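Computed from heavy atoms alone, side chains included, the values below leave out hydrogens, waters and symmetry copies. Note that the structure is a prediction, hence the values are computed from the model and not measured. As the structure lists them, so they are numbered: ligands from 1, and atoms in each ligand from 1.
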Amino acid sequence: MQEGRSGVDGLKRQLKRSWLNPCFRYLLLFCLVLLVFCSSNSLSWWSSFSLKDRYPKFINPVHRPPLSRDRSKDRVQLNETTEQTTLPPTVPPKALQFHLAYPRNYHFVMDNKEVCKTKTPFLVLMVPVAPKNVAARDAIRQTWGNSSEVQGDVVLTLFMLGLYRGADVDALQEKLQQENRLHHDLIQSDFLDTYLNLTIKTMVIMDWLATRCPEAAYAMKVDSDMFLNIDNLVMMLQKPDIPKLNYLTGMLMWNRPVIRSKNSKWYVPVEMYPEPLYPTYTLGMGYVFSNDLPEKIVEASKSINYFNIEDAYVGACMKKLGLSPQSPPDPSKFKAYNTKFNRCEFSKIITYILGSPKQLVDYWNDLKRPEPPC
Ligand SMILES: *[C@@H]1O[C@H](CO)[C@@H](O)[C@H](O)[C@H]1NC(C)=O
Ligand SMILES: *[C@@H]1O[C@H](CO)[C@@H](O)[C@H](O)[C@H]1NC(C)=O
Ligand SMILES: *[C@@H]1O[C@H](CO)[C@@H](O)[C@H](O)[C@H]1NC(C)=O
């Protein structure tokens with residue numbers, strides 16, 4: 001007891017001494033200035049400067065939301081955006097409407113406006129991909145993205161890109177334009193293409209669907225490292241009991257905790273998203289929705305502040321709309337990680353996460369052999 005008290009007294013003495021210390025006074029003054037600066041800023045705290053400046057070590061080129069402890073597949077996309085993690089600090093666009101994720105803050109650089117006008121698609125596949133990742137795009141163009149007609153219905157595959165920033169930006173942009181002249185399948189908007197901006201990318205996809213392709217019946221956001229059994233997907237959507245409106249389906253995530261550990265790539269600060277759990281959402285690898293939803297989601301996003309977990313963000317917009325994602329008719333068809341290629345298995349599923357563009361081409365060609373898969 002005695003000891004403890006004298007310890008407290010000692011602490012008090014030290015505090016008194018440090019109060020008089022000039023360094024301490026400067027520190028206090030600095031804090032005061034900082035406080036005044038923050039509270040007088042009319043922009044939201046988060047939109048007033050780049051996230052990357054504050055959380056450089058959380059920038060991670062892998063776009064996979066929390067799923068399990070098994071991260072073995074995360075290596076796969078490491079080359080996609082690594083070069084962008086060393087970008088100089090940037091400031092958000094001026095006169096930001098609502099917040100960073102509101103898609104109408106951005107402008108299309110390439111938008112292939114006419115693609116939905118010639119033939120009305122039943123299904124549009126929207127693939128977010130890093131500008132440099134032409135290998136992933138080419139593999140998709142040779143496989144599930146190559147069919148413009150599936151099970152008698154029109155399907156369209158498009159790639160969503162942000163702006164690349166690096167030394168070779170002009171050369172890359174020219175290459176992208178060439179690529180688009182050849183395939184007419186690139187959509188590019190003027191936000192910076194980085195891992196922490198994936199929510200912007202998803203919301204720009206929603207904006208594109210709402211404004212450039214509202215006549216399509218369904219759409220899917222599908223990652224560039226996915227195996228997609230497009231026939232099975234179209235057959236699922238052709239079933240008469242599949243809703244035509246307010247429908248969002250995929251691999252459902254319930255009661256997922258918001259990751260508060262600062263060294264996780266899915267870290268979201270309390271200031272960005274205060275609740276401890278995310279609303280029900282569909283895993284970002286591939287989710288399918290009726291095409292009335294994009295406009296509604298863009299509208300709802302006005303009041304859902306930016307946070308960097310794109311699939312959970314869409315879940316939050318759905319909740320705001322009073323809607324919830326629904327289980328697919330057969331949930332076992334939306335698969336995330338696979339151990340090994342199995343022809344019979346791949347003939348039955350809708351999604352699987354793959355390891356490389358080469359794997360996609362190999363598995364696809366194998367599956368398309370004439371012999372029955374099972
Ligand atoms: C990723 O980059 C490293 C070095 O830059 C290279 O050795 C490796 O082959 C690349 N991997 C892929 C999948 O492109
Ligand atoms: C798409 O498939 C057709 C055959 O259906 C083939 O001729 C064409 O080369 C394929 N396109 C690509 C980019 O592989
Ligand atoms: C996200 O994009 C905006 C708009 O281009 C940019 O200002 C910002 O720096 C980007 N944020 C990150 C973390 O890359």
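Contact check on Arg343 versus Glu371 returns no salt bridge, with no Lys/Arg side-chain nitrogen under 4.0 Å from an Asp/Glu carboxylate oxygen. With respect to Lys132 and Asp193, no salt bridge is recorded, no charged nitrogen being found less than 4.0 Å from a carboxylate O.
In Leu196, the part holding a heavy atom less than 4.0 Å from any atom of ligand 3 is the side chain.
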Checklist entry - When you look at Lys333 and Asn229, which way does the side chain to side chain donor-acceptor pair (under 3.5 Å) test go after all the steps? => result CA-CA 10 Å; Lys333 286 186 191 293; Asn229 191 320; over 6 Å; no
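Looking at Thr199, Ile200, Asp193, Asn197, it is Asn197 that brings a heavy atom closest to atom 1 (C) of ligand 3. Here atom 5 (O) of ligand 3 lies nearest to Leu192 when heavy atoms of Asn308, Leu192, Leu100 are compared.
The stretch residues 323-369 participates, sequence neighbours left out, in these disulfide bond (SG atoms under 2.5 Å apart) pairs: Cys344-Cys374.
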